[in-house]
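Okay, so here's the structure we're looking at.
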Amino acid sequence: MSPSSVVNVLLTGFEPFDKDAINPSWEAVRALDGWRCEGATVHVRRVSCVFGAALRELDSAIDELQPQLVLGIGQAGGRSEITPERVAINVDDGRICDNAGCQPIDMPVVAGAPVAYFATLPIKAIVRDLRAGGIPASVSNSAGTFVCNHLFFGLMHRIATRPVPGMRGGFIHIPYLPEQVARLPGLPSMALETVIAALRIAVRTSLSVREDVRETGGLLH
Ligand code: PCA
């Protein structure tokens, strides 16, 4: 097979943060290493929950793999659904410190870059296909202002300014795992097998749907 016919997908998951022992994003992502889908091969990387370092790690993985599709995955503790993110904003505003002890406040992710980028994933089709597969899902209109949004913005800025030809990308937040909320009573969770199944659907739909479907995913507030 010639290198030009190789189609790579990059999935990133985060290391644990905020004193947690696990991060479900990495637990789910790592289960998909080497998975082949729609003629593409999935590669996985664990990234640091550190402003700056996470972007450098993402950049070198993109340089190495030249992927056609990049999906960042992160934990959104407290959410009950799989949530493809619509928009990355050019703001770092840490409510907590990152894993290097840094807590930027109202700093740009990239100085001089646009205020925001939209994901270039078919987010509506992903939500449709997840729901059809029996998995709770909704579009999210905010990836927050911590390291997940930082990675998402950096990814979209790279696509806008130094693209791998044809590369598309975006970010998906996932809920806590049941074992995490066993010590956080009352919060929602999703089983690891369900999250893994969701990521398979998200990859397949991202590879096969080029034009997003026109379905409402909006919120009143
Ligand atoms: N979630 C955090 C950072 C790492 C993660 O998995 C976030 O939503 O920013």
Side-chain angles (χ1 to χ4, degrees), residues 1-14 23-47 57-76 79 81-86 88 118-140 143 148 151-152 154-156 158-159 163-175 177 190-215 217:
M1 198 184 267
S2 71
S4 60
S5 62
V6 173
V7 179
N8 288 329
V9 173
L10 171 61
L11 291 187
T12 66
F14 277 98
N23 188 320
S25 66
W26 175 240
E27 299 308 314
V29 158
R30 71 183 193 170
L32 295 180
D33 195 23
W35 181 53
R36 292 189 58 82
C37 173
E38 304 274 331
T41 304
V42 171
H43 303 262
V44 305
R45 293 288 186 278
R46 190 173 96 143
V47 291
E57 292 161 9
L58 175 70
D59 246 354
S60 53
I62 290 172
D63 289 341
E64 178 196 335
L65 295 165
Q66 300 285 298
Q68 292 292 295
L69 175 68
V70 183
L71 289 185
I73 312 298
Q75 163 186 302
R79 288 196 191 167
E81 301 177 298
I82 302 289
T83 46
E85 298 290 348
R86 190 194 298 262
F118 288 125
T120 47
L121 301 180
I123 54 169
K124 302 287 184 72
I126 292 171
V127 167
R128 176 199 63 191
D129 292 350
L130 289 169
R131 288 176 178 171
I135 299 174
S138 288
V139 167
S140 164
C148 286
L151 185 92
F152 181 21
L155 167 64
M156 301 319 298
R158 163 114 199 211
I159 291 174
V164 169
M167 182 168 103
R168 292 176 302 143
F171 197 92
I172 299 177
H173 265 120
I174 63 171
L177 297 177
M190 190 176 280
L192 182 60
E193 309 78 74
T194 308
V195 178
I196 293 168
L199 297 188
R200 288 185 198 272
I201 291 170
V203 168
R204 188 181 300 282
T205 300
S206 298
L207 288 170
S208 59
V209 176
R210 309 300 298 195
E211 283 273 309
D212 205 357
V213 293
R214 199 167 155 76
E215 267 174 32

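What you see is a predicted model, and the numbers here were worked out from it, not measured in a lab. Numbering of residues begins at 1 and proceeds along the displayed sequence.
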Contacts of type side-chain contact (heavy atoms from CB on, under 4.5 Å), residue [X], not counting sequence neighbours:
X	result
D129	I201, T205
A198	I82, L130, I135
E215	R128, V213

Under the salt bridge (Lys or Arg N to Asp or Glu O under 4.0 Å) rule, collect the residues that match up with [X], sequence neighbours excluded.
X	value
D63	R158
R168	none
R200	none

If the condition is side-chain hydrogen bond (donor to acceptor under 3.5 Å, both in side chains), which residues does [X] pass it with, not counting sequence neighbours?
X	result
E27	R30
S208	none
S138	E81, R131
E85	R79, S140, H173

With rounding to the nearest 0.5 Å, note down the distance linking CG in N23 to CG in L177. 8.5 Å
d(D212 CG, I126 CD1) to nearest 0.5 Å is 7.5 Å
Could you check if a side-chain atom of [X] sits within less than 4.5 angstrom of a side-chain atom of [Y], using non-hydrogen atoms only?
X	Y	value
M167	L155	yes
L58	V70	yes
M156	T120	yes

Main-chain N/O of L121 paired with S206 side-chain donor or acceptor, under 3.5 Å: no
